[in-house]
Q: 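Take a look at this one; I'll ask things after.
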Amino acid sequence: MNKDLYENDKGLWPYFVEQNELRKEVIKENCLPNAIRFVAGVDVAYNEGEQRMIGGIVVLQKDTLEVVEESYHEMDITFPYVPGLFSFREVPPIVQAYHDLKIKPDVIVCDGHGIAHPKGVGMATHLGVKLDVPTIGCAKKRLVGVWAKEELEARRGSAVPLYSEEKIVGNVLRT
DNA sequence: GCGACAG
DNA sequence: ATCTTGTCGC
Ligand SMILES: [Mg+2]
């Protein structure tokens with residue numbers, strides 16, 4: 001999978017277009033059921049040499065955090081890592097893994113941003129729209145937005161709102 | 001033109 | 001993300 005092949009010219013244009021389509025279907029309101037029974041976490045691992053990747057989803061019982069099911073799906077890497085278009089790289093294998101699940105989670109925690117994205121369509125958002133399942137974007141680094149660093153305390157658990165374009169798009173949490 | 005830039 | 005090397009602490 002050649003990165004330049006996409007980077008050059010307008011190779012990425014169609015994806016930005018699709019991103020705009022997805023944006024129309026985003027639901028920002030809290031649609032979680034009154035009783036959350038299962039939560040899931042997803043991630044993707046890579047084998048650059050083999051140009052293969054494997055997406056995984058693990059479902060746990062919400063109250064006990066006991067793992068009740070897991071599903072994985074391996075496939076060829078077909079999209080480069082491009083900040084802003086990250087979802088097009090990791091969503092495919094996760095969607096496949098999700099469909100093999102017998103126990104569907106009420107919410108999915110993702111390893112990447114949700115609406116804290118230039119267009120409001122990060123990986124978690126993209127996945128949520130694609131599966132029509134509530135998702136939570138949980139990234140380890142900033143993509144967009146600003147926050148009051150002076151107000152973020154040194155103790156673990158401290159959190160302050162993340163702002164992007166005048167709006168709160170998430171929280172910055174000290175782990 | 002120069003930095004920023006999820007995983 | 002992945003790899004590799006070195007150090008730290010339990
Ligand atoms: Mg990850």
Side-chain angles (χ1 to χ4, degrees), chain A residues 1-23 25-28 39-58 70-98 105 107-131 133-149 152 154 156 158-175:
Chain A
M1 190 253 85
N2 185 26
K3 179 171 183 172
D4 306 320
L5 191 149
Y6 284 84
E7 301 263 40
N8 294 321
D9 298 62
K10 305 293 180 177
L12 297 176
W13 183 242
Y15 298 96
F16 283 109
V17 172
E18 186 177 341
Q19 207 163 61
N20 281 314
E21 296 302 313
L22 289 167
R23 178 154 59 169
E25 301 176 58
V26 180
I27 298 174
K28 294 185 179 177
V39 299
V42 300
D43 200 5
V44 177
Y46 301 86
N47 182 319
E48 204 70 42
E50 302 282 298
Q51 280 300 288
R52 296 283 286 175
M53 62 179 166
I54 178 169
I57 180 165
V58 177
E70 41 193 282
S71 172
Y72 302 89
H73 190 273
E74 196 180 321
M75 59 192 288
D76 287 331
I77 295 177
T78 60
F79 202 88
Y81 167 62
V82 181
L85 293 178
F86 178 54
S87 65
F88 291 96
R89 182 174 169 85
E90 297 208 336
V91 161
I94 294 173
V95 166
Q96 291 307 310
Y98 172 86
V107 58
I108 302 172
V109 179
C110 306
D111 185 21
H113 287 104
I115 60 175
H117 170 281
K119 293 298 179 183
V121 195
M123 198 272 258
T125 312
H126 187 153
L127 183 67
V129 168
K130 206 75 176 178
L131 300 178
V133 172
T135 57
I136 295 175
C138 183
K140 300 180 288 294
K141 292 180 180 177
R142 181 198 92 108
L143 175 59
V144 298
V146 296
W147 69 93
K149 296 185 178 178
L152 183 63
R156 172 191 305 232
S158 176
V160 297
L162 173 66
Y163 288 88
S164 183
E165 298 179 353
E166 318 292 276
K167 296 168 299 182
I168 293 179
V169 295
N171 284 306
V172 176
L173 171 70
R174 168 148 270 143
T175 61

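By convention in this document, chain letters (A, B, ...) are assigned in the order of the sequence lines, proteins followed by strands, and residues within each chain are numbered from 1.
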Q: Between C1' on B:dC5 and NE2 on A:His117, what's the gap in Å once rounded to a whole number?
A: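 After rounding, the reported distance stands at 11 Å.
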
Q: Measure from NZ on A:Lys119 to C1' on B:dC5 and round the result to the nearest Å.
A: 16 Å

Q: Indicate, with a heavy-atom threshold strictly under 4.0 Å, whether A:Leu85 touches base, sugar-phosphate, or nothing.
A: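 Base: the residue A:Leu85, judged by heavy atoms under 4.0 Å, touches a nucleobase.
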
Q: Can you tell me the distance, in whole Å, between the CG atom of A:Leu143 and the P atom of B:dG3?
A: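 One finds 19 Å between P of B:dG3 and CG of A:Leu143, rounded.
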
Q: Rounded to the nearest Å, what distance is computed from the CD atom of residue A:Gln51 to the P atom of nucleotide C:dT2?
A: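 The distance from CD of A:Gln51 to P of C:dT2 comes to 13 Å, rounded to the nearest Å.
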
Q: Separation of A:Asp111 atom CG from C:dT2 atom P, in whole Å?
A: 10 Å

Q: Starting at atom CZ of A:Phe79, determine the distance to atom P of B:dA6, rounded to an integer number of angstrom.
A: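 Computing the A:Phe79:CZ to B:dA6:P distance gives 15 Å.
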
Q: Pick base, sugar-phosphate or nothing for A:Ala116, based on heavy-atom distances below 4.0 Å to the nucleic acid.
A: nothing

Q: Report the distance from atom CD1 of A:Ile94 to atom P of C:dA1, rounded to the nearest whole Å.
A: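 So the CD1-P distance, A:Ile94 to C:dA1, works out to 12 Å.
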
Q: With a non-hydrogen cut-off below 4.0 angstrom, is A:Gly84 in contact with a base, only sugar-phosphate, or nothing?
A: base

Q: OP1 or OP2 of B:dA4 sitting under 4.0 Å from any side-chain N/O of A:Arg142?
A: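 For A:Arg142, the contact criterion (side-chain N or O under 4.0 Å from OP1 or OP2 of B:dA4) is not met.
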
Q: Check the angle between the aromatic planes of A:Phe88 and A:Phe79 and answer parallel, tilted or perpendicular using the 30° and 60° thresholds.
A: tilted

Q: Let me know the distance between CD of A:Glu90 and C1' of C:dA1, rounded to the nearest Å.
A: 8 Å

Q: Counting side-chain heavy atoms from C-beta on, which of C:dT2, B:dA6, B:dG7 comes nearest to A:Lys140?
A: B:dG7

Q: Select base, sugar-phosphate, or nothing to describe what A:Phe86 touches, counting heavy atoms under 4.0 Å on all strands.
A: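 If one applies the 4.0 Å heavy-atom cut-off, A:Phe86 turns out to touch a base.
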
Q: Looking at B:dC5, I'd like to know if its phosphate oxygens (OP1 or OP2) sit under 4.0 Å from a side-chain N or O belonging to A:Lys141.
A: no

Q: Indicate whether A:Tyr81 forms a stack on C:dA1; treat it as stacked only if centroid distance is below 5.5 angstrom and interplanar angle below 30 degrees.
A: no

Q: For A:Glu90 and A:Tyr46, which I'm curious about, is there any donor-acceptor pair between the side chains at under 3.5 Å?
A: yes

Q: Please walk me through it: do A:Leu12 and A:Val82 pass side chain to side chain contact (heavy atoms under 4.5 Å, CB included)?
A: CA-CA 9 Å; A:Leu12 297 176; A:Val82 181; 4.1 Å; yes

Q: When you check the side-chain N and O atoms of A:Gln96 and A:Tyr98, is any donor under 3.5 Å from an acceptor?
A: no

Q: Of all the heavy-atom pairs spanning A:Leu152 and A:Ser158, show the shortest one and how long it is.
A: CD1-O, 3.4 Å

